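Accompanying notes for the structure given below.
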Protein chains: 2
Amino acid sequence: MQIDQISRVRNFGRSVAVEVGALEESFLNRGRPLGAARVLNAIGLGYQNVSDLRALLKLDTGQLSRLLRSLEAEGLIETTPNEDDRRSRQTRLTKAGEEEFTIYEKLSNERAAAILERHKNAERLLDAMDIVTIALSRENIVFEEVDYASEIATKCLTAFAAELSARLGVEFDLKKSGDPELSQMKHPNGTFVVARLGDMPIGCVGVKGRGDTLAEIKRMWIAPAARGLGLAHRLMTTAEEAARALGIETLRLDTNSTLVEAVGLYRKMGWSRIERFNDDPYPDLFFEKCLRSDAEDFARGE
Amino acid sequence: MQIDQISRVRNFGRSVAVEVGALEESFLNRGRPLGAARVLNAIGLGYQNVSDLRALLKLDTGQLSRLLRSLEAEGLIETTPNEDDRRSRQTRLTKAGEEEFTIYEKLSNERAAAILERHKNAERLLDAMDIVTIALSRENIVFEEVDYASEIATKCLTAFAAELSARLGVEFDLKKSGDPELSQMKHPNGTFVVARLGDMPIGCVGVKGRGDTLAEIKRMWIAPAARGLGLAHRLMTTAEEAARALGIETLRLDTNSTLVEAVGLYRKMGWSRIERFNDDPYPDLFFEKCLRSDAEDFARGE
DNA sequence: TGCATTACCTGACTTTAGTCAGATAAATTG
DNA sequence: CAATTTATCTGACTAAAGTCAGGTAATGCA
């Protein structure tokens, strides 16, 4: 590791530490210790089980308990035993708590907006931030099946279409490119897998089936900021496993030779090139993979 | 400001806050409160005046004094009155202090290295970090005259040459391109100005003179990560002021039309295009600016 | 059913962090 | 040279953070 690279990371750390500190300071101005503010914030963000809060904020049981008591005394939260297990407890913001939470959110948003306002071409800064965000917390990326019409799926698909349009130099229309009846990417016919970091879309892939043992991989996309981390491999693996669970034995896909990263991945994961199997205008390369063979053993590598 | 952009900044903030916290936690494991560790670190980095320490760490005088006392009691630092002004005091690491400082440095470096090791193509991540670093702390960028042969100048010139080579598609040789006798970019003939963030090179520009009222601008460069922030304008302004202070009345420069950003800047800052005034192989555009005219008033805009 | 475990709470504590009003000694100013 | 300012220190605080040993009620298990 070059000394120079390390100093770049450390310079980075210093500069963001200042920002983090400034945000915390702004939180302090509401007359409440930082610990309590953090707890209130976490509850507002949906961490309502006391044990979840403890895990998230890494607090001692005694300390968290006292912070909850102080927020209760302020009338900002209410605590009730959990229905399922009456030993554990849930917290909920009161109306006053909601308001206070909103103020903290506003402070956070204002700080973020202030950073952006200082920059004419914020898009460049935001892209850089995305790269760092994803790199630093990539172990928190989750791969999961979601509804093809869900919000996160739509975000992915929109970005996918925009990028494909730019790459192919034409307006790419999801509808035109054999856009599936929604049901074909839903259980039991098929599925749709996204990778996300919190609510940030990282990538997606669809398995489009018709209820038999043959299905098609569609809409494979990784966010530009997330490339080079080997996520496409994990995404595809998730999709293949989901397909197998649906009883699918053969997967096919079409792609375009301009998507060089994708084509390279398919080959590496044990897909074999086959003859054109549709007459869509965009694709010019076609692959197949048998889920029952040992073929995917080869792909474990990456 | 789009909600989506703000949430990108906030996601970024969350992910780096985790890293910052982890680093601080690693510091805590040396059995010393974070405040004392920070002070020790700052002293090791060269902040040896008590007043500098106080300004840097934003500590109350009483608190800093106590932290210094505790480090002294540990035998890690020594404090002596300042020679010039015996009211103020200077601290210095003892041998034991040096060792302890080194351990903290090692911890910091290890954390940074750990981040990099997780990434195959770290250069992309580092570039992103640089963009963020510079954007977040751009008010700390200093513009100053340095020796043309200093370390920071050399860093800038190396990067400049590498980039020009890539842009022009040929090996760019600083020596060939009318490289000045060193004395021509030194007082009293000329000067060399760099922009830096700490020890990170951000940009440079040289004023190459021969002792009369005519001089030439050379080696104008802004680090890729620092572009789009209007720094070139400030760099050029600094250079022009330095030139004026040297008694120079007319500045000339040559450039290449592939450097579109630079050419745009010169025009905006009131430079006028003139005839070729040398036969160097690289440049194909030539500009001049009179420092005595009101021309530069125009340039205040940006 | 009784004993262990779990999830949380309380009380009693220590350690850090942070504040503020003098005190002291050196430098500056009129 | 006396008065003021400056840079730092000390003592006496308060507040916040963090630790730990019980205690209580709900749950799980033999």
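In what follows, every chain begins at residue 1, and chains take the letters A, B, ... in the order their sequences are listed. Remember, it's a predicted structure, so these values are computed and weren't measured experimentally.
Contacts classified as salt bridge (Lys or Arg N to Asp or Glu O under 4.0 Å) and involving residues 48-58 of chain B (residues at least two apart or in different chains) are not found.
Across the protein-nucleic acid pair, A/Asn82 atom CG and D/dA25 atom C1' stand 15 Å apart, rounded to whole Å. We find that CG of A/Leu28 is positioned 14 Å from C1' of C/dT19, with the value rounded to whole Å.
A search for side-chain contact (heavy atoms from CB on, under 4.5 Å) contacts involving A/Glu98 returns A/Leu93, not counting sequence neighbours. Listed by chain and number, the residues in a side chain to side chain donor-acceptor pair (under 3.5 Å) with A/Arg32 are A/Glu74, A/Glu100, A/Tyr104 (sequence neighbours excluded).
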How does each nucleotide of nucleotides 6-18 of chain D score, in 5' to 3' order, for protein heavy atoms under 4.0 Å: base (B), sugar-phosphate only (S), or none (-)? BSSBBBB---SSB

Just distance, no hydrogens or angles: give the donor-acceptor pairs under 3.5 Å from side chains in residues 16-26 of chain B, sequence neighbours left out.
| from | atom 1 | to | atom 2 | distance (Å) |
| --- | --- | --- | --- | --- |
| B/Glu24 | OE2 | B/Arg38 | NH1 | 3.3 |
| B/Ser26 | OG | B/Leu23 | O | 2.7 |

Atom pairs and distances, donor-acceptor, side-chain atoms in residues 129-137 of chain A, under 3.5 Å, two or more places apart:
| from | atom 1 | to | atom 2 | distance (Å) |
| --- | --- | --- | --- | --- |
| A/Asp130 | OD1 | B/Arg8 | NE | 3.4 |
| A/Asp130 | OD2 | B/Arg8 | NE | 2.9 |
| A/Asp130 | OD2 | B/Arg8 | NH2 | 2.7 |
| A/Thr133 | OG1 | A/Met129 | O | 2.7 |
| A/Ser137 | OG | A/Thr133 | O | 2.7 |

